[in-house]
Amino acid sequence: MEESFDAIIVGGGLSGLAAAYTLAAAGKSALVIERGDYCGAKNVTGGRMYLPPIRGLFPEIWDKAPLERAIVHEELCMISATGSMLMRYSNEAVAKEPYESYTVLRANFDRFFAKRAERKGAQIITKAKVENLCFEGDRIKGVVVGGEKLYANVVIICDGALSLIAEKAGLRKPGNKKDFAVGIKELIELDEERVNERFNVVDGQGAARLFMGDITRGKFGGGFIYANKGSVSLGLVLGIADLMDLEPAVAAPDLLDAFKKRSEVASIIKGGQTVEYSAHVIPEGGYKKLSAFSGNGVLVCGDAAGLALNAGITVRGMEYAMASGYYAAQAVIKAAESNFFTAEGLKCYDRMLDESFIIKDHLTYKGTPHALENHRLYTYYPEFVTNLLGNLYSMPEGPKQRAVQSVKKAVTPGVIWNILRKDLGGLSKL
Amino acid sequence: MSVESTALGLAAKLGLNVFKEGESFHIRINPGQEGNALLKKVISVCPSALYTINDNGEVNLCEDGCLECGTCRIALGIEVIDWQYPEGGTGVQYRFG
């Protein structure tokens, strides 16, 4: 008799490993098929992971998990053609265990999580690509790997943002360029002492600095620098449709280099050595662009389902991936009670997602993708803020205006009208 | 190999990555789409600058240094290119990610 699994999981990233870990812990047979040399080999994050919603789902992994630094400084830099304003929020009341969020490097984290899943009894095959799905009528019964068929009660699709396999399952259509960004990143090694000094933190603590404005030439997107243990993750997120329409055209790698040359950035990475260059598409469509989550013998998780949220000053994806993998496993476990793996039997997954923070968050931020399409966020406001501050801080040769006069001069009825009429509605969606 | 980060060109950056060679091309411009105007727009969005314009004004694609990021598939759509992941165990292998 041919071997069959409770679940075959396409892709050994965070959602796939979370599903495998949870299934194996419940005594179910789970096979992960990963195309990279190891789990994490094909994954890119900015990146930062928020733990509060997922700590309890995987209680045993965190004490040894390879987390880089706990983020204690939230920084936002509005950047115009020549100026910038840096805002930093920190609060000692929350800058302690249990920390809310950590920077991570996926090749380390995913490899660790894969080992933990294997320790629970999950099987992981690496260097193997799922080429296709096996159908019996419209029921998905397994996958094709290297021309060989492997069967399972349920196939859990966790193959990331492009999700070619979910397309084959008929659960989603190819993505639209308006609903995706590309993240490009350099991993820059910098010794721990320098990271501490440049971000004003101590060992183990870190910072997230996001940039918005001129660095994306006024288009949708932004920059980021995350402090890791002995490195920083530096990069840009660029809306694909906007980037294609940029006039005059600027190549994405050149935008990244220009970002690195900004004095606000160059001072942080000075003396650092780039050790890796990476890129990946990011779902930006929010709730309205989520895929179907379940079908006949099949579930979709994480980026593959479009689960990711850019809320302007926070960007999330990894905890949605891990939690959706967890709930997919729970759905398989529940469906197994009645041996009912059809679309109807697996619909419980949709309900679990609906009741969790995952869909609730996506609903809360349903209007955010549209709000972030407002190009004034990347042009007008950074210019406005830096011009205003320029007026407040600069000393002319002649007499200096009172601060209130500078503000009055900058905040004209036209400005107020623009804010109220054009932007406030959208900004309230953030 | 590592280089002071501030003085690094794209080719040098890609040279830092681990790539494992595969047997077959995984991205192809579909027959009849070579002159599609969208192809010129994809030149600037590829993080590895793998799309270039030749002397005849046609857009060429070279896969060396592909990060499998998917940007060109999203930018061009499946009518213009056939985009598959490379075979298992080939292509970019991130050491940090």
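Every value quoted in this text rests on a predicted model; they were computed, and no experiment measured them. So you know, we letter chains A, B, ... as the sequences are listed, proteins then strands, and number each from 1.
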Heavy-atom side-chain contact between B:V92 and A:E276 under 4.5 Å: no
Check: A:E189 and B:F96 side chains under 4.5 Å, non-hydrogen atoms: yes
Other residues, nucleotides, ligands: >12 heavy atoms within 6.0 Å of A:K289 NZ: no
Contact winner vs chain B - A:L162, A:V104, A:D254, A:I282, heavy-atom pairs under 4.5 Å: A:L162
Side-chain touch A:K177/B:R73, heavy atoms, less than 4.5 angstrom: no
Contact leader toward chain B among A:M244, A:E131, A:R111, where contacts are heavy-atom pairs under 4.5 Å: A:M244
Close side-chain approach of B:T71 and A:I240, heavy atoms under 4.5 Å: yes
Proximity breakdown for A:K185 and chain B, heavy-atom pairs closer than 4.5 Å: side chain
B:N56 CG: over 12 foreign heavy atoms closer than 6.0 Å: yes
Qualifying residue for side chain to side chain contact (heavy atoms under 4.5 Å, CB included) with B:Y94, from A:V44, A:D110, A:D37: A:V44
Heavy-atom contacts under 4.5 Å, residues 36-44 of chain B to chain A: B:L38, B:K41, B:S44
Residue pair A:K129 / B:P86, side-chain heavy-atom distance below 4.5 Å: no
